[in-house]
There are 2 protein chains.
Amino acid sequence: MKSDKISELTTNRMSIYLRCLNELADEGIRTVSSEKIAKRFHLNSAQIRKDLAYFGEFGVRGVGYYVEELRTHLRKILGLNKEHCVAIIGAGRLGTALTDYYGFSQTNFSVAALFDADQSKIGQKVGEVEIFDIKDFAEVAERDKIDVVVIAVPAEFAQSVLEQVTNAGIKAVMNFAPSPLKVDENVKLKTIDLTTSLESLSYFLAQPAAKNGRK
Amino acid sequence: MKSDKISELTTNRMSIYLRCLNELADEGIRTVSSEKIAKRFHLNSAQIRKDLAYFGEFGVRGVGYYVEELRTHLRKILGLNKEHCVAIIGAGRLGTALTDYYGFSQTNFSVAALFDADQSKIGQKVGEVEIFDIKDFAEVAERDKIDVVVIAVPAEFAQSVLEQVTNAGIKAVMNFAPSPLKVDENVKLKTIDLTTSLESLSYFLAQPAAKNGRK
DNA sequence: TGTATAATGTGAAAAAGTTCTCAAACCAAT
DNA sequence: ATTGGTTTGAGAACTTTTTCACATTATACA
Ligand SMILES: NC(=O)c1ccc[n+]([C@@H]2O[C@H](COP(=O)([O-])OP(=O)(O)OC[C@H]3O[C@@H](n4cnc5c(N)ncnc54)[C@H](O)[C@@H]3O)[C@@H](O)[C@H]2O)c1
Ligand SMILES: NC(=O)c1ccc[n+]([C@@H]2O[C@H](COP(=O)([O-])OP(=O)(O)OC[C@H]3O[C@@H](n4cnc5c(N)ncnc54)[C@H](O)[C@@H]3O)[C@@H](O)[C@H]2O)c1
C-alpha cells in the first residue's frame with residue numbers, strides 16, 4: 001500500500017500498537033496475529049492491519065506478525081530510533097511535574113532544559129534539569145539539540161512562546177495552555193486541553209440518557 | 001435540528017466555543033456571527049453553525065448570535081450550570097499538580113479529595129485537599145458528592161482503580177495512565193495519553209516531507 | 001412598504017475514516 | 001504434492017464528519 005498522507009488517528013494508533021507489542025515482547029511472545037492483538041487490547045483487527053499496511057507489508061499470511069520485527073518497524077516509523085531532546089517552557093506546577101516524569105522515564109524523550117520568564121527561577125534546577133531564561137531559548141536549544149517543545153505557561157503567553165520557539169527552528173510542539181494557537185503549517189502542534197476534556201465529561205453527565213447518579 | 005446522538009468531536013468543540021464566547025464577553029462584545037468567531041479563533045463557520053444547530057436555534061438570521069445568551073445555552077448544554085466535584089486518584093507528581101491547578105481555577109470543577117494507596121501519604125493535605133485511603137473511596141465519594149474521577153496512578157493499577165470507582169457509581173473518568181482500559185458502556189472514559197501524543201510528534205519529525213532541522 | 005444586506009440553519013455533496021469480505025499466501029500435516 | 005486451516009493485504013461497502021451552497025429569515029434604511 002505505502003501511502004504518503006497518513007492521518008493523525010493512524011499515527012496515534014501506531015504508538016498504541018508499539019506499546020502493545022512491547023508488552024507481548026516482555027512476555028516472550030514471538031509471533032502474533034492482528035486478531036490476537038485486537039482481542040487482548042480491545043482493538044479492531046481490520047484496523048490494525050490497515051494501519052500497518054500504510055507503511056509496508058510487515059506480516060506473513062497464515063502466521064501473523066513477528067513481534068520483534070514489527071516493533072523495530074514501528075520504532076523506525078515513529079522516529080523512535082533516535083533520541084529526542086525536549087524543552088519545557090514554564091517551570092510552574094505542570095512544567096515541573098512533566099520534567100520529573102519524562103526525566104525518570106524509559107522512553108526516547110529526555111527533558112534537556114526548562115525555560116521561564118521569572119528571574120527568580122532562572123538558574124535553579126528541577127532534578128537534574130536547569131531552568132534557563134526564555135530569552136536565551138534559541139541559543140540553548142541549538143546547543144542542546146532540542147527538537148521538541150512543551151508549552152506549560154499561562155494561556156495569555158502561549159502564542160508568543162510558540163512564536164519564539166518556532167522562530168528558533170522548532171518543528172514539534174505540545175501545548176497544555178487552554179488557548180487556540182495559530183501556527184505555521186510546517187510545524188506540528190498538538191494541544192492537550194484538560195478543560196475541554198473535563199467539559200466533555202460534564203456534557204456526558206448532563207445527558208438524561210446516561211441514567212446517572214450514585215446507587 | 002435537535003439530534004440526540006452527538007459526537008464527542010462536537011462536544012469538544014462546544015467547550016471551545018464557550019471559551020471563545022467568554023473572551024468576547026470579556027471584551028464587551030454583544031453579538032457575533034459564526035463567521036467572526038471563525039476568523040478570530042481559526043475555526044470553520046459552517047461547522048460552528050452545524051454544531052450549535054444540533055442543540056437548538058440560537059442564532060438570529062442577519063444578526064448572528066447574542067454572546068451572553070449563547071454562553072448561557074452552552075453552559076447549560078455542557079452541564080456547567082452545576083458544580084462538579086472531582087476526586088483525583090494517585091497523590092503523586094501529576095495528581096498533586098492537577099490538584100493545585102483545579103483547586104485554584106475559576107471553573108465549575110473543584111477537587112474535593114485525593115486518594116492514594118500509600119499509607120504514609122494518607123491523612124496529609126495538598127493545599128486544602130486531604131488525601132484519603134483508596135479503600136474508603138465509595139464512602140468518601142458518596143459523602144463529598146464526587147461525580148468525576150481523575151486517574152493518576154501507575155499504569156498497572158489503572159484498571160483496578162477504574163473498576164473500584166465505577167463500582168462506587170462514578171460515571172465520568174479521565175485517565176492519565178498509559179494503559180488501555182476496559183470500561184462499561186454507561187461510563188464515559190477519556191484517556192489522555194502523553195506518550196502517544198509525543199510519539200505522534202516524533203512521527204512528524206521523522207517524515208522527510210517535513211524538511212526538518214534547525215536553520 | 002420595499003429593497004438591499006447580512007447571516008442563520010440545513011439539505012446535499014465531498015471527504016475522511018472504519019469495517020467487511022475474500023482472494024492470495026503461508027504453514028503443517030498427511 | 002495436496003489438503004485444510006490461518007491470516008494477511010486491500011478493494012469495496014459502509015459510516016461518520018466536514019464542507020458547500022443556498023433558501024430563508026431578519027434588520028436597516030430609503
Ligand atoms: N497545573 C496543571 O495541572 C495544569 C493542567 C492542565 C493545563 N495547565 C495549563 O498549563 C499552563 C501552566 O499551568 P501551571 O499550573 O503549571 O501554571 P504555573 O503558574 O504554576 O506556571 C506557569 C509558569 O510559566 C512561567 N511563565 C510565564 N510567562 C512565561 C513566558 N513568557 N515564558 C516562559 N515562562 C513563562 C511562569 O513564570 C510560571 O513559572 C497553563 O496554561 C495551564 O492552564 C496546567
Ligand atoms: N507525572 C507526569 O507528568 C505524568 C504525565 C503523563 C502521564 N502520567 C501518568 O500518570 C500516572 C501517575 O504519574 P506520576 O508521575 O504522578 O506517578 P507517581 O509515582 O508520582 O504517583 C503515583 C501515585 O499513585 C499512588 N498509587 C499507586 N497505586 C495506587 C492505587 N491502587 N490506588 C491509589 N493510589 C495508588 C502511588 O502511591 C503514588 O502516590 C502514571 O500512570 C503516569 O504514566 C504522568
Side-chain angles (χ1 to χ4, degrees), chain A residues 1-17 20-21 24 29-71 73-74 77 180 196 200 203, chain B residues 1-17 20-21 24 29-71 73-74 77 180 196 200 203:
Chain A
M1 204 188 262
K2 284 259 185 188
S3 172
D4 37 14
K5 192 55 193 144
I6 306 291
S7 91
E8 192 158 325
L9 294 166
T10 295
T11 61
N12 286 341
R13 284 191 299 261
M14 295 298 275
S15 167
I16 302 278
Y17 302 153
C20 296
L21 288 172
L24 295 171
I29 293 167
R30 310 291 291 267
T31 69
V32 69
S33 70
S34 57
E35 193 58 45
K36 290 241 181 65
I37 301 175
K39 276 268 166 51
R40 170 152 175 185
F41 299 101
H42 321 302
L43 305 169
N44 175 306
S45 66
Q47 188 158 65
I48 295 170
R49 293 199 300 278
K50 179 136 285 206
D51 283 336
L52 295 177
Y54 286 128
F55 297 96
E57 305 202 1
F58 304 132
V60 180
R61 288 165 200 227
V63 177
Y65 300 90
Y66 294 105
V67 174
E68 272 308 331
E69 193 192 306
L70 185 54
R71 259 177 110 192
H73 280 300
L74 286 175
I77 290 164
T196 290
S200 201
Y203 167 80
Chain B
M1 203 189 263
K2 286 260 184 189
S3 172
D4 39 12
K5 190 59 191 137
I6 307 290
S7 92
E8 191 158 326
L9 294 165
T10 295
T11 60
N12 286 340
R13 283 190 300 261
M14 296 298 274
S15 166
I16 302 281
Y17 302 154
C20 297
L21 289 171
L24 295 170
I29 293 166
R30 311 291 290 268
T31 69
V32 69
S33 69
S34 58
E35 194 57 43
K36 291 243 182 63
I37 301 175
K39 275 270 164 53
R40 169 154 174 181
F41 300 101
H42 322 302
L43 305 169
N44 176 307
S45 66
Q47 188 157 65
I48 295 170
R49 293 198 301 278
K50 181 137 283 206
D51 284 336
L52 294 177
Y54 287 127
F55 299 96
E57 305 201 0
F58 304 131
V60 181
R61 289 165 200 229
V63 177
Y65 301 91
Y66 294 106
V67 174
E68 272 310 329
E69 192 191 307
L70 186 53
R71 259 177 108 191
H73 280 300
L74 286 176
I77 291 164
T196 290
S200 202
Y203 168 79

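Convention: sequence-line order gives letters A, B, ...; per-chain numbering from 1.
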Visitor: What do the steps show when you test B:N12 against A:T196 for side-chain hydrogen bond (donor to acceptor under 3.5 Å, both in side chains), and what is the final call?
Guide: CA-CA 6 Å; B:N12 286 340; A:T196 290; over 6 Å; no
Visitor: Roughly what angle, to 10°, lies between the helix axis at the start of the helix from C:dT1-D:dA30 to C:dT30-D:dA1 and the one at its end, five pairs per end?
Guide: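 One end's axis against the other's: 0°.
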Visitor: Can you tell me how far CD1 of A:I77 sits from OG1 of A:T11, rounded to the nearest 0.5 angstrom?
Guide: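 Taking OG1 in A:T11 and CD1 in A:I77, the distance rounds to 11.0 Å.
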Visitor: Which atom names give the shortest non-hydrogen contact between B:A38 and B:S45, and what distance separates them?
Guide: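 Closest approach of B:A38 to B:S45, heavy atoms only: CB-N, 3.5 Å.
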Visitor: Indicate whether OP1 or OP2 belonging to C:dA7 is found under 4.0 Å from a side-chain N or O atom of B:S34.
Guide: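 No, outside the criterion.
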Visitor: Roughly, in whole Å, what's the span from CZ in A:F55 to C1' in D:dA10?
Guide: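 From A:F55 CZ to D:dA10 C1': 16 Å.
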Visitor: Should A:Y65 be listed as having a side-chain N or O under 4.0 Å from OP1 or OP2 of D:dG9?
Guide: yes
Visitor: By the 4.0 Å heavy-atom rule, please label B:L52 as base, sugar-phosphate, or nothing.
Guide: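 Nothing, no nucleic acid heavy atom in range.
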Visitor: Tell me the interatomic distance from B:E8, atom CD, to D:dT16, atom C1', rounded to whole angstroms.
Guide: 14 Å
Visitor: Nearest 0.5 Å please: distance from the CG atom of A:L52 over to the OG atom of A:S34.
Guide: 8.5 Å
Visitor: Can you measure A:I37 atom CD1 to D:dG9 atom P for me and round it to whole angstrom units?
Guide: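 Result: 11 Å.
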Visitor: Round to a whole Å and report the spacing from CG of A:L70 to C1' of D:dT7.
Guide: 14 Å
Visitor: Is the shortest side-chain heavy-atom distance between A:Y66 and A:V60 below 4.5 Å?
Guide: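 The answer is yes; the side chains approach within 4.5 Å.
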Visitor: Does D:dT18 have OP1 or OP2 sitting under 4.0 Å from an N or O in the side chain of B:R13?
Guide: yes
Visitor: Between protein and nucleotides 28-30 of chain D, what N or O pairs are separated by less than 3.5 Å?
Guide:
none

Visitor: Starting at CD1 of B:I48 and ending at C1' of D:dT18, how long is that distance when rounded to a whole Å?
Guide: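 Rounding to the nearest Å, CD1 of B:I48 and C1' of D:dT18 are 13 Å apart.
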Visitor: Among the candidates D:dT17, C:dC26, C:dT19, find the nucleotide nearest to the side-chain atoms of A:Q47.
Guide: C:dT19
Visitor: Taking CG from B:L9 and P from C:dA16, how many angstroms apart are they, rounded to a whole number?
Guide: 15 Å
Visitor: Which residues pass the side chain to side chain donor-acceptor pair (under 3.5 Å) test with B:S33, sequence neighbours left out?
Guide: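 Side chain to side chain donor-acceptor pair (under 3.5 Å) check on B:S33 returns nothing, list empty.
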Visitor: Using a heavy-atom cut-off of under 4.0 Å over every strand shown, decide if A:S7 touches base, sugar-phosphate, or nothing.
Guide: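 Sugar-phosphate: the residue A:S7, judged by heavy atoms under 4.0 Å, touches backbone atoms but no base.
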Visitor: Starting at CD of A:E57 and ending at C1' of C:dC26, how long is that distance when rounded to a whole Å?
Guide: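 Whole-Å distance recorded here is 13 Å.
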Visitor: Return the set of residues passing ring pair (Phe, Tyr, Trp, His ring centres under 6.0 Å) with B:F58 (not counting sequence neighbours), or none when no residue passes.
Guide: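 Residues passing ring pair (Phe, Tyr, Trp, His ring centres under 6.0 Å) with B:F58: B:H73.
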Visitor: At a cut-off of 3.5 Å, list every protein nitrogen or oxygen paired with a nitrogen or oxygen from nucleotides 20-24 of chain C, distance to 0.1 Å.
Guide:
from	atom 1	to	atom 2	distance (Å)
C:dT21	O4	A:R49	NH2	3.4
C:dA24	N3	A:R61	NH1	3.2

Visitor: With sequence neighbours excluded, give me every salt bridge (Lys or Arg N to Asp or Glu O under 4.0 Å) pair touching residues 29-43 of chain A.
Guide: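 Found A:E23-A:R40, A:E27-A:R40, A:E35-A:K39.
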Visitor: Taking salt bridge (Lys or Arg N to Asp or Glu O under 4.0 Å) as the test, write out the residues that go with A:R49, two or more places apart.
Guide: none
Visitor: Rounding to a whole Å, what distance do you find between A:E35:CD and D:dT8:P?
Guide: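 Whole-Å distance recorded here is 8 Å.
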Visitor: Which residues pass the salt bridge (Lys or Arg N to Asp or Glu O under 4.0 Å) test with A:E8, not counting sequence neighbours?
Guide: A:K188, A:K190
